Every structure is written in C-alpha cells, then in structure tokens.
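Below is one structure, written out as structure tokens; comments come after it.
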Amino acid sequence: MDLRRRLNTIDGLSRISRGLRIINSYYMAAVRRDFEKMETYEEAVRDSVGSVLGLLPSELVELSRFVSTPSTAPRVVLAFYSDGGLCGNYNELVSEGIKTLKVTSDDKVYGIGTLAPDKLGQLDIKPVDYIGGLYQSKNTPLLVDYFLGITEEIFSELWLVFLRSVPAKDAQFVTQRISPINLEVEARQGELIGEPEDIIDQVLSSYLTAEMLRAFYTAAFSEFYMRWSAMTHAEDKAKELSGAVRLQITRTRQERITRELQDIIGGMNYGG
C-alpha cells in the first residue's frame, strides 16, 4: 500500500513538472519572438541616435550627463531577478554578479523581478525601487516608463546585472556598464528643431532604455529556459523513480503470489 501511495505521489509530481515544462516552453517561444523584435528596435534606435547626434556640435554631446558623467554622483545598478522560483540557481547567479560590483550604501540599486527585494535583502541591499510580474505580462509601456525613470537619476555609472542562459551552455551572469556612453558619431549636415541639450538628453535616454529592454528580454528568456530545464530534469527523474517503484510493486506482487502458491501446494501435500 505504501508503494502505491509513493507511486501516486511520483506520478503527480511528474504531471506537475510536465505541465510547468510545457507552460515555460510557450513563454520561451513568445519571449524569443519579442527578443527578435527588440533587436530590430535596438538597431533602429542606434541608427537614430547616430543620425541625430551627428547633427549636433560634438562638444555639446560630450558635455551630456550620460557621456561625461559626474564622478561624485552615485552608481546606479539595475538587477534583473526572477518573478518566481523553480528556475535552478538563476537568482544565486544574479547575486554573484551583484557581489562583483562591490555595491556600497552610496550606490542606488533598482530591481526587476518579484523576488528582487528578498534576494537583494540577503545581500544587505535595500532597493530604491523594484517592479515585478512583467516577464509574463510584458507590459512594455510600464516597463519603459520604469526605465526612463532610472535615466532621470544623476549617476556616475549605470550598470545592468542579468543572467544569460541558452541551450547547451551554462548560465552566466552578465555585468554590463551602459553609462558613461561611448558612441562613435559621424558628423552630418542638417538642422534640428529644439534646444540641443534637450534633444541630446532625450536621445541618449532612449538609447539607455533600449539597452535595458535588451537586458530585460535576455533575463526573461533565461528565467523561462532555466525553469523549463529544471522541470524537464524533474520530469525525467520522476519517470525514472516511477519505473523503479512500478518494478518494485511487480516484484512484491510476484513474491506474494509465489508465497500463496507455495502455501497452497504445501497444504495439498499435507492433506495428501
């Protein structure tokens, strides 16, 4: 009876693992499509940034707070944690990336992912702000607004910490400094309407937002992939255990039948 209960439990876990694997496979495919669109968008942003800045005096561009960042200002770090569990060592790897930056109390840390406050808290870091639940909902306007809010900060450096996990390769954390911005701009002929300083600020802010969006989609795919991988492993392990328990049940039943036959034969011999 205990073996039957154990088998039912294992089969239940196998069904749950299979269901989560299928769900995350769907999300992986959706994020991959979004990432491909994001790459096209990022290329368009880069082209636009180069075209617009090329029309402006290079000395004004160099004076931008995103290019010549104030060294006395704090660093800003954006950490991409997961929205849920069951995704292997995803969050542990992101925390390892945070540790390499040697974050201090002077730095301002922002988080992506529902688990961001808890994981940052384990590092004795209190985030300035965080936003979660967007890997599945993909509320792009809300996400862009959040990223634009970060660009309004005055910082010496802007760092992104996220996970990159792809099939057939080990997951790795990425620490990427996206500001100060270093872009090669080719001078162009033309005129722009508006104050040059405001145009530069808006253009470079959009550039940084595109970089953060790229990291977001990379992190989203990595979370779904690592959960898919973990659930695939769990399902395979459950099938292996289920097979072993079924074999044990069969052997136990055969042993019981053998004993009953022996008792019957023994009784027949005794009666004879």
Side-chain angles (χ1 to χ4, degrees), residues 34-35 37-81 94 97-98 101 103-104 106-113 116-117 120 125-135 138-162 174-185 192 194-220:
D34 290 338
F35 186 80
K37 295 177 183 177
M38 178 62 227
E39 286 188 314
T40 302
Y41 169 74
E42 186 185 27
E43 290 176 4
V45 169
R46 283 180 175 272
D47 291 341
S48 298
V49 168
S51 298
V52 172
L53 295 184
L55 298 174
L56 295 167
S58 59
E59 58 271 17
L60 285 182
V61 176
E62 289 296 328
L63 289 175
S64 167
R65 63 189 179 92
F66 296 124
V67 178
S68 298
T69 56
S71 58
T72 56
R75 291 187 304 174
V76 168
V77 179
L78 177 57
F80 293 79
Y81 282 95
V94 175
I98 293 289
L101 295 181
V103 174
T104 69
D106 294 328
D107 297 322
K108 294 185 177 182
V109 180
Y110 288 79
I112 292 288
L120 288 171
I125 298 173
K126 184 177 181 180
V128 176
D129 194 10
Y130 85 97
I131 190 168
L134 294 182
Y135 290 137
K138 294 180 293 185
N139 189 332
T140 305
L142 180 61
L143 190 63
V144 169
D145 187 61
Y146 183 73
F147 290 156
L148 287 173
I150 292 176
T151 67
E152 292 176 359
E153 290 274 10
I154 302 299
F155 44 75
S156 59
E157 295 178 339
L158 175 55
W159 285 87
L160 308 180
V161 183
F162 57 96
V174 178
T175 55
Q176 179 185 3
R177 191 182 71 174
I178 60 174
S179 183
I181 297 175
N182 183 18
L183 291 174
E184 293 184 4
V185 177
L192 294 171
E195 292 296 326
E197 292 82 358
D198 293 339
I199 294 173
I200 293 170
D201 194 79
Q202 292 173 10
V203 167
L204 293 182
S205 179
S206 297
Y207 169 79
L208 292 178
T209 299
E211 290 292 314
M212 287 186 271
L213 280 171
R214 181 183 180 86
F216 171 83
Y217 285 112
T218 301

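The structure displayed is predicted, hence computed values, not measured ones.
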Minimal non-hydrogen separation, Glu62 against Val67, with atom names: OE1-CG1, 3.8 Å
Taking every non-hydrogen atom, the tightest pair across Phe147 and Leu78: CE2-CD2, 3.7 Å
Student check: side-chain heavy atoms of Arg65 and Leu204 closer than 4.5 Å: no
Closest contact, heavy atoms only, Pro74 versus Asp106: CB-O, 3.0 Å
Side chains of Leu158 and Thr69 in contact at under 4.5 Å (non-hydrogen atoms): no
Any pair counted as side chain to side chain donor-acceptor pair (under 3.5 Å), so long as it reaches residues 145-158, sequence neighbours left out: Lys108-Glu153, Tyr110-Glu153, Thr151-Ser205, Glu157-Trp159, Glu157-Arg177
Donor-acceptor pair, side chain of Ser179 and main chain of Phe66, under 3.5 angstrom: yes
Geometric class of the Phe80/Phe162 ring pair [parallel <30°, tilted 30-60°, perpendicular >60°]: perpendicular
Asn182, CG: over 12 other non-hydrogen atoms inside 6.0 angstrom: no
Within 6.0 Å of CD in Glu59, more than 12 heavy atoms from elsewhere: yes
Leu56 side, atom CG; Ile200 side, atom CD1 - distance, nearest 0.5 Å: 5.0 Å
Closest heavy-atom pair and its distance - Pro70, Ile154: CG-CG2, 3.7 Å
Residues Leu63, Glu197; criterion side chain to side chain contact (heavy atoms under 4.5 Å, CB included); working and verdict: CA-CA 9 Å; Leu63 289 175; Glu197 292 82 358; over 6 Å; no
Stepwise side chain to side chain contact (heavy atoms under 4.5 Å, CB included) test for Leu134 and Ile112: CA-CA 8 Å; Leu134 294 182; Ile112 292 288; 5.5 Å; no
Min side-chain heavy-atom separation Leu213-Glu42 under 4.5 Å: no
CA sep, side-chain torsions, deciding dist, call: Tyr81, Ile98, side chain to side chain contact (heavy atoms under 4.5 Å, CB included): CA-CA 11 Å; Tyr81 282 95; Ile98 293 289; 3.9 Å; yes
Side-chain touch Glu211/Arg46, heavy atoms, less than 4.5 angstrom: yes
Note, Ser206 side chain near Val49 side chain (heavy atom, < 4.5 Å): no
Distance, nearest 0.5 Å, that separates CD1 of Ile181 from CG of Leu53: 8.5 Å
pair Ile199-Leu55: side-chain heavy atoms closer than 4.5 Å: no
Nearest-0.5 Å distance, CD of residue Glu39 to OH of residue Tyr217: 12.5 Å
Expected output: side-chain Asp107 to main-chain Thr104 donor-acceptor under 3.5 Å: yes
Spatial distance of atom OG1 (Thr140) from atom CE (Met38) [nearest 0.5 Å]: 10.0 Å
Considering all heavy atoms, the nearest Tyr130-Gly113 contact: CD1-O, 3.6 Å
Check: Val174 and Leu160 side chains under 4.5 Å, non-hydrogen atoms: no
Which atom of Leu120 lies closest to which atom of Pro127, heavy atoms considered: CD1-CB, 3.8 Å
